[in-house]
Visitor: 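Below are the structure tokens for one structure; questions will follow.
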Amino acid sequence: MSDGNDYNRRKFIKNAALGAALASGASKLSADETPASVIPDSWKKPGSPFSNYGQPRTDRSSPIRWISNNQVVPGDGVSWSPLHELEGTITPNGLHFERHHNGVPDIDASQWELKIAGLTQRALGFSLDVLRRFPMRSKVAFIECGGNSNAIYRRNPVQAACGYIHGLVSCAEWTGVSLGRLLEEAGVQRSGKWVIVDSLDAAGVTISLPIEKAMDDVIVALYQNGEPLRSEHGYPARLLVPGWEGIVNIKWLGSITVSDRPVMSKFDTVSYTDLHANGIAERFSFEMKVKSVITSPSPGQTLKGTGFQEISGLAWTGNGMISRVEVSTDGGASWREAALQEPVLNKALTRFRLPWSWENTNAVLQSRAYDQSGNVQPTRAMLLKQKGSNAYYHNNAITSWAVAETGAVSHVYV
Amino acid sequence: MLLCYLLVASAVEAQSSLARELAPLERLQVENHIYADGQGLPVGSGTAQQGLTLYANLCASCHGNRGQGGSALELVGDRALLDSEFPDRGIAVYWPYAPTLYEYVRRSMPPDKPYSLSVDEVYSVVAFLLQINGLLADAEITVDKKFLSRLEMPNKNGFITSDR
């Protein structure tokens, strides 16, 4: 670049800046006369270099997952999605909730194959390279742990941020190969009614799925939000079982055995079964029911000033699409319909919003979701009546957040 | 788009698979499950007597001396509490099938060394668990495939299958 060109360029910029200042009439200062104090620091020095993989900011305001695990077996536990600090509907991969029963295994993808056997015409091994040659599809879907929100079964409302009560649900765009396509490739025999899915983890996680679902919308997912699965989400492959409880979305997928009956593993028969008030338990209760929760305002937050506030939250159902969300600010006495943010997707998180004006008064905020089949989210009292207070899983009750005159938000039962 | 998919799919079907055909032994390894009726349980045996020391050394630190009071889930409980607000979840209280217990201990316990117990050791520990759950007449009974397949668990009929 010649000096002459550089001179012309600088002159042009200077004139343009001057023109803008004059046109707006906001300032009579020329660019050269702008006081140093109003020039942002970031204008005065080059920024940080490129990075091979972008990292979140490390200051304290950057959202993180909270971890609750077994002190003696640290790989047995959960980490919660901080729903109260996130917006939109897609959970960043690093903040997608985790439930591991014995740690995150390190799988050597070069040696790995998804094996399909059992009641099939032929038994096949699909390497990662082979899987990538099959037609792929993407699906935006939530995954929710069957035990999410189980604090709502407790006698007294737990005081914790929304994500640490309800954050065992997350939503991502999953990409991979249809499981039905792979099962067809192996050729399912007529007597095949179930598939037994084995994880490669150290907890022996094994579950049984009915063949109808396996042939329907299940995906052998290789990518999450566009990038290869992270180890904690099941690398090299996991199942996405849209709308069904987290445990069956097997991570670190090892093998799939077509069978004439369920295997009745501990995860089929003991964990993840729903004990009812009469002492009888429901098993294979796969579908996650219609549910919603207000993420803002929510416990731990304090309303800053009276007047306009947006009430915003998430709704989802394993039964298809959310059709309607209503919000109450008076503990369920009256309801207003919230706006559903587009796109409203099948078995995905849906964002709802409602404008609200707060005038330093007590309020109890609730949201109530409906799905396309007409199912309605129950009140806590209704759910307890139906399931009994000895239940543990599948809590989809309406949650209540109280706003005090001070603007402080807390968890209450009404 | 759909047409394109169908073309790929049928082309694949006509040919041999892109995937690798598993050798018979590999196939058996995949299918090596232990079912509720005991199918898949290995040949071997153990007694609660033999399981006592194994349990004390390998399990009691987390599950308590007799299946209660440790940091991990209780393995012994009171069945009478099943329909109460705070139900127990012990083996005799809740588990519908005994072979599942073998399968789970074999694959998952102890957590720092899953798959470390031999077949006879797993049978022995399972025998001990059954004994502290009041499901064995005496500690010398041989627990093996036949025994576990026939053992009627108290909560066998305590389940309904969800209509999802």
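Predicted model only: the values in this text are computed from it and were never measured. Every chain is numbered from 1, with letters handed out A, B, ... down the list of sequences.
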Visitor: So if I take each residue of residues 29-42 of chain B and look for any heavy atom under 4.5 Å from a heavy atom in chain A, which residues do I end up with?
Guide: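 Result: B:V30, B:E31, B:H33, B:I34, B:Y35, B:A36, B:D37, B:Q39.
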
Visitor: More than 12 foreign heavy atoms under 6.0 Å from CG of B:N65: is that the case here?
Guide: no

Visitor: Tell me, for B:R89 versus chain A, whether the close heavy atoms (under 4.5 Å) come from the side chain, the backbone, both or neither.
Guide: side chain

Visitor: Centroid separation under 6.0 Å, is that true for the rings of A:F284 and A:W244?
Guide: no

Visitor: Mind checking whether A:H101 and A:F267 have parallel, tilted or perpendicular rings, split at 30° and 60°?
Guide: perpendicular

Visitor: Measure from NZ or CZ of B:R107 to the centre of the six-membered ring of B:Y115 and say whether it is under 6.0 Å with the direction within 45° of the ring axis.
Guide: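 Cation-pi check for B:R107 and B:Y115: fails.
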
Visitor: Picking from B:P96, B:C62, B:P24, which has the most non-hydrogen pairs under 4.5 angstrom with chain A?
Guide: B:P96

Visitor: At a heavy-atom distance under 4.5 Å, which candidate from B:E85, B:E21, B:E26 has the highest pair count against chain A?
Guide: B:E85

Visitor: Just so I understand: if I count every heavy-atom pair under 4.5 Å between each of A:L275, A:N278, A:V205 and chain B, which residue has the most?
Guide: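 That would be A:L275.
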
Visitor: With a 4.5 angstrom heavy-atom cut-off, which part of B:F159 approaches chain A: side chain, backbone, both or neither?
Guide: both

Visitor: At their closest point, which heavy atom of A:P242 faces which heavy atom of A:K213, and how far apart are they?
Guide: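 Taking A:P242 first and A:K213 second, the nearest heavy atoms are O-NZ, 2.9 Å.
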
Visitor: Nearest 0.5 Å please: distance from the CG atom of A:D198 over to the CD1 atom of A:I207.
Guide: 9.0 Å

Visitor: If you count the non-hydrogen atoms of other residues, nucleotides and ligands that lie under 6.0 Å from OH in A:Y392, is the total more than 12?
Guide: no

Visitor: Do any of residues 120-145 of chain B come closer than 4.5 Å to chain A, heavy atom to heavy atom, and if so which ones, in number order?
Guide: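 Residues qualifying by a heavy atom under 4.5 Å from chain A are absent, so none.
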
Visitor: Any donor-acceptor pair under 3.5 Å linking the side chain of A:K251 with the backbone of A:R99?
Guide: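 Yes, the answer is positive, given that a donor and an acceptor are paired below the 3.5 Å cut-off.
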
Visitor: Would you confirm whether A:R122, through its side chain, and A:E185, through its main-chain N or O, come within 3.5 Å as a donor-acceptor pair?
Guide: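 A pair under 3.5 Å: yes.
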
Visitor: Can you say whether B:S71 sits under 4.5 Å from chain A via the side chain, the backbone, both, or neither, judging by heavy atoms?
Guide: both

Visitor: Counting heavy-atom pairs under 4.5 Å to chain B, which of A:L124, A:D274, A:T257 comes out on top?
Guide: A:L124

Visitor: Please flag which part of B:P111 lies under 4.5 Å from any non-hydrogen atom of chain A: side chain, backbone, both or neither.
Guide: both

